[in-house]
Each structure stands twice: as C-alpha cells, then as structure tokens.
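Structure, as structure tokens:
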Amino acid sequence: MNTAADVDKKELIEADRKHIWHHLTAHKPLEEKDPMVIVKGKGLRVWDANGKEHIDAVSGAVWTVNVGYGRESIANAVRDQLVDMCYFAGSAGNIPGIKFAERLISKMPGMSRVYYSNSGSEANEKGYKIVRQIAAKNGGKKHKILFRDRDYHGTTITALSSSGQIERKAQYGPFTPGFVEVPHCCQYRCQFDDETDYGVKAALEIEKVILREGPETVGSIVLEPVTAGGGVITPPEGYWETVQEICKKYDVLLHIDEVVCGLGRTGKWFGYQHYGIKPDIVTMAKGLASGYAAISCTVTTEAVFDKFKESDDPMGYFRDISTFGGCAAGPAAALENMRIIEEENLLDNVTEMGEYLLEKLRGLQNKYKVVGDVRGKGLFCGMELVLDRKSKEPAPESMLAAIAADCMEQGVIIGRTNRSLDGLNNTVCLSPALICTADDLDQIVEAIDNAMSRHAII
Ligand SMILES: Cc1ncc(COP(=O)(O)O)c(C=O)c1O
C-alpha cells in the first residue's frame, strides 16, 4: 500500500531505532527486532512500515481512535480551523471551543462548565486542583482525594499518586500527599467471605475509609465508571447507587474519570450514564477527538464553578492554565468526531457489537479452561485468564504476552493488562473502534482462538 510516509522503509526503521524513545517499551529487544512503525490507517486497519496490514482491536493501542482511522472530514475540519485561527490562550474563547462545549453539555444533563486541556492526566489534575482550591478556601478542610485500587488516572506524578496500580507506580515515588486508596469492586476477585450483595459491600468499603480519615478531610473521590487498564472491571450491581449515597452523606464530590469510557465506548455518551449517577466533575480525553488532535476536558456542575465566583478574594478564581488547552484544533476535531458518532448511529452499533463480542468471548470461555471470567460494557471487553478456575490463580504475564505476540503475527493487535497490577496482569483487553462490524469481530476472535490453542492450554 502506498503511504504518505512512502520513504525508504529501512532508513525509517533505523532512524526510529536510533532516536525514538518509545512509550511503555523495553528497548533492549529492539536491538534484535524491528520497532513497530505505523504509517497508515483506514477504518479499523493500520499498516506498518513493512507493508503488513493489521486489524487494530484496541483503537490505537490505548482505546483512542473511536471513529476509526482515515476520517477526511475530521482532518478537513482541523485544517480549516488552523487556517482560520490556530491558537489563542484559553483565557479567551474560540469558536470551536464554544461550539463544542455547548454540544458536549447537551449530552451531559446536570453538567455545565468545560475546562480545556490536552491529556487525560492533565484533565484529572485540574479536577484535583479544583478540589484543593475549594479546600483552601475553607481553611484546608476536605483536601483529601480518594481513589480506588486497580483504577488508573494518568502518568504525571500526581495522577499516578491517585492511581491504584502498584506496578505503574513502582520506582516513581515519593507521591503527592493527600491521596487515599479505597478497595476495588471486582466481583470475580471478591474480598469478602460471602459474595452476597457484593456491589453494596464493595461501596461501603469507601464509607469505612471516609470515616477512618475523617469526613471533614475528604473532598472528592475519583473513579472510573468501568475500570479499563486495571482489568476491565464492570461495576457490580448496587455499587454506584451506594457510592452516590455515600458521597451525598459525607459531602464528597464525585469525580468520574471518563478518559476511556467517554464519547461512546460503552454504548452511551458517557459510562456513568448507565448507572444513574450525578457526578460533580467529569474528565475525558482519548476518544474525545478520536486521536485526530490532542484535547481533554474537565467538566463540572455550575455548583462547583460557583465556588470560584463567590468570593472577593483576588486569589479566588481558578488560577490554572494549560498552554495547549487553547489550541483550536482539538475542539474542531471533537465537534466533527461527535457529529460522526451521531450521524452513523455509533452508540447503537457499540451496544449491538459489544454484546456480540461478549458472546464470542464466552464461546472462548466454553472452549478454554484458562478463561476464568469474561466481562465488559459496550466495546470495552476483557477476558481474565487463570491457571485454575477454582483457585483463580492468575495466568502468568508471559502467557498473555505469547497470545498477544501470536495475534500480532496473524495481523491482529490486541491489548492486555501490562505491568500494572502486582500478579494480576492476566486480562486480555479488546476495544475496537466504534465502527466495527460482526465480520471484524469474527476475525479478531478467530486470531485469539488460534493463539490460545497454541499458548493457553492448561
Ligand atoms: C482511565 C484513564 N484516565 C486517565 C488516563 C491518562 O490519560 P493520558 O494518557 O491522556 O494522560 C488514562 C490513560 O490510559 C486512563 O486510562
């Protein structure tokens, strides 16, 4: 296939090997094998520098390219915007920023204000700074922020401080003080002797932490609606209702991290909308513009925003800035991305294809003893692999690595929990673009089936 980067492939790969520090990558093996260089994308498929075609079952490896590759209308919207007005700091408004905020809020009843920045980590940090500043206005009360075991909220030191993934945090401490962990809600890994009412019990663990820390010290809790990189954890029944009650009871702001689930991944605009929750702060990034431009948003209620208007204090307004939060390409891309999701009825496709994918994965569960649990919401699905269904001993990371490498050989890119959780990096993750068809999913699952027949027999 001819590509925009139709340069000497060998030179390209050598220059990459020489100069690129790849994300999340151990580089020693790249002395022996070629680094992967992606040069072209269309729909669900990408091509590497050697011309090999891959089906991307994880939307750009990290669940981002929601509407698929090669969307000319998004590229055109970005181009036109950049020619008109590329950038001005976020202390001023700009046309796509205003229009997108309006459209976004129309999908989020109860929410009101949009603050732009340009990564999920940064959007979450804004959420934390909002909580800290409200606390400062109240003499330091309610400055603590709770986060949950197995959730991830980003890569900066403070976002990592609020992440419940031990292996992601390893070697990066000391961490920012004032972040306190609450237990996970993965029913398959139930922490109690009795699984009855698991969801309510798991949520009540949060109350215990609030009481232990002192409700007067706890300002907010940040939670993923469906835990993504921590093992595709769908919330158990009764969980969110109880979380919401607890937040109300102790006046704790509910911050929902929609960086992965936002903009359709689970079949609704936002993951939290499946559970009848009323958040105070919602953060989003990845699928917001499907990776066509860098953009993230921290969205709040008017009540939260009002706290920054109330006082005469010259230091009372939100004294935060994100240079590239003023880049107009992001909201221009996001506007067109949202239009595509609506016009192509992609939310319905996610619901239908998500159920189809789960069914296919249950088929693998019937076939292979190693599949302990299958879970997911919309087009974010996972399979937890275990060496023994009774003891639930996790399959080793090496088995998942072998399955993923085998799929890659077959031209299918899949995901997996990867050096995130101590001893629990045993979940295969799938999150294809929202445009996927049953035929695409058949091809993806067939490749996994082939790989499992070679690497997952126990
Ligand atoms: C739930 C969640 N929040 C936040 C982030 C951080 O986003 P970013 O990498 O854009 O900073 C991620 C990234 O994977 C994520 O999965």
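Numbers here simply count residues along the sequence, with the first being 1. For ligands, and for the atoms within them, numbers begin at 1 and follow the listed sequence.
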Any heavy-atom pair between the side chains of [Y] and [X] that's under 4.5 Å?
{"X": "S220", "Y": "I145", "value": "yes"}
{"X": "Y128", "Y": "V222", "value": "yes"}
{"X": "E336", "Y": "R71", "value": "no"}

Has ligand 1 got any nitrogen or oxygen that is less than 3.5 angstrom from a nitrogen or oxygen of T155?
no
If you count the atoms of ligand 1 from 1 in the order shown, which ones are under 4.0 Å from a heavy atom of [X]?
{"X": "S121", "result": "6 (C), 7 (O), 8 (P), 11 (O)"}
{"X": "Y152", "result": "1 (C), 2 (C), 3 (N), 5 (C), 12 (C), 13 (C), 14 (O), 15 (C), 16 (O)"}
{"X": "N124", "result": "3 (N), 4 (C)"}
{"X": "V259", "result": "2 (C), 3 (N), 4 (C), 5 (C), 7 (O), 12 (C), 15 (C)"}
{"X": "V260", "result": "1 (C), 15 (C), 16 (O)"}

Output yes when E102 and K99 qualify as a salt bridge under the 4.0 Å nitrogen-oxygen rule, no when they do not.
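Salt bridge flag = no for K99 with E102.
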Salt-bridged, K169 to D422, with N to O below 4.0 Å?
no
Can a donor-acceptor pair be found between the side chains of N124 and S121 at a distance below 3.5 Å?
no
Looking only at heavy atoms, the pair that brings M452 and V371 closest together is CE-CG2, 3.5 Å
Between [X] and ligand 1, find which residue part has any heavy-atom pair under 4.0 Å and reply side chain, backbone, both or neither.
{"X": "K286", "answer": "side chain"}
{"X": "S119", "answer": "both"}
{"X": "E224", "answer": "side chain"}

Is K392 close enough and on-axis enough to Y188, meaning under 6.0 Å and within 45°, for cation-pi?
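Cation-pi check for K392 and Y188: passes.
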Considering only protein heavy atoms, which is closest to atom 3 (N) of ligand 1, and at what distance to one decimal place?
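Heavy-atom neighbour on the protein nearest atom 3 (N) of ligand 1: D257 OD2, 2.7 Å.
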Which residue owns the protein heavy atom closest to atom 8 (P) of ligand 1, what's the atom, and how far is it?
G120 N, 3.4 Å
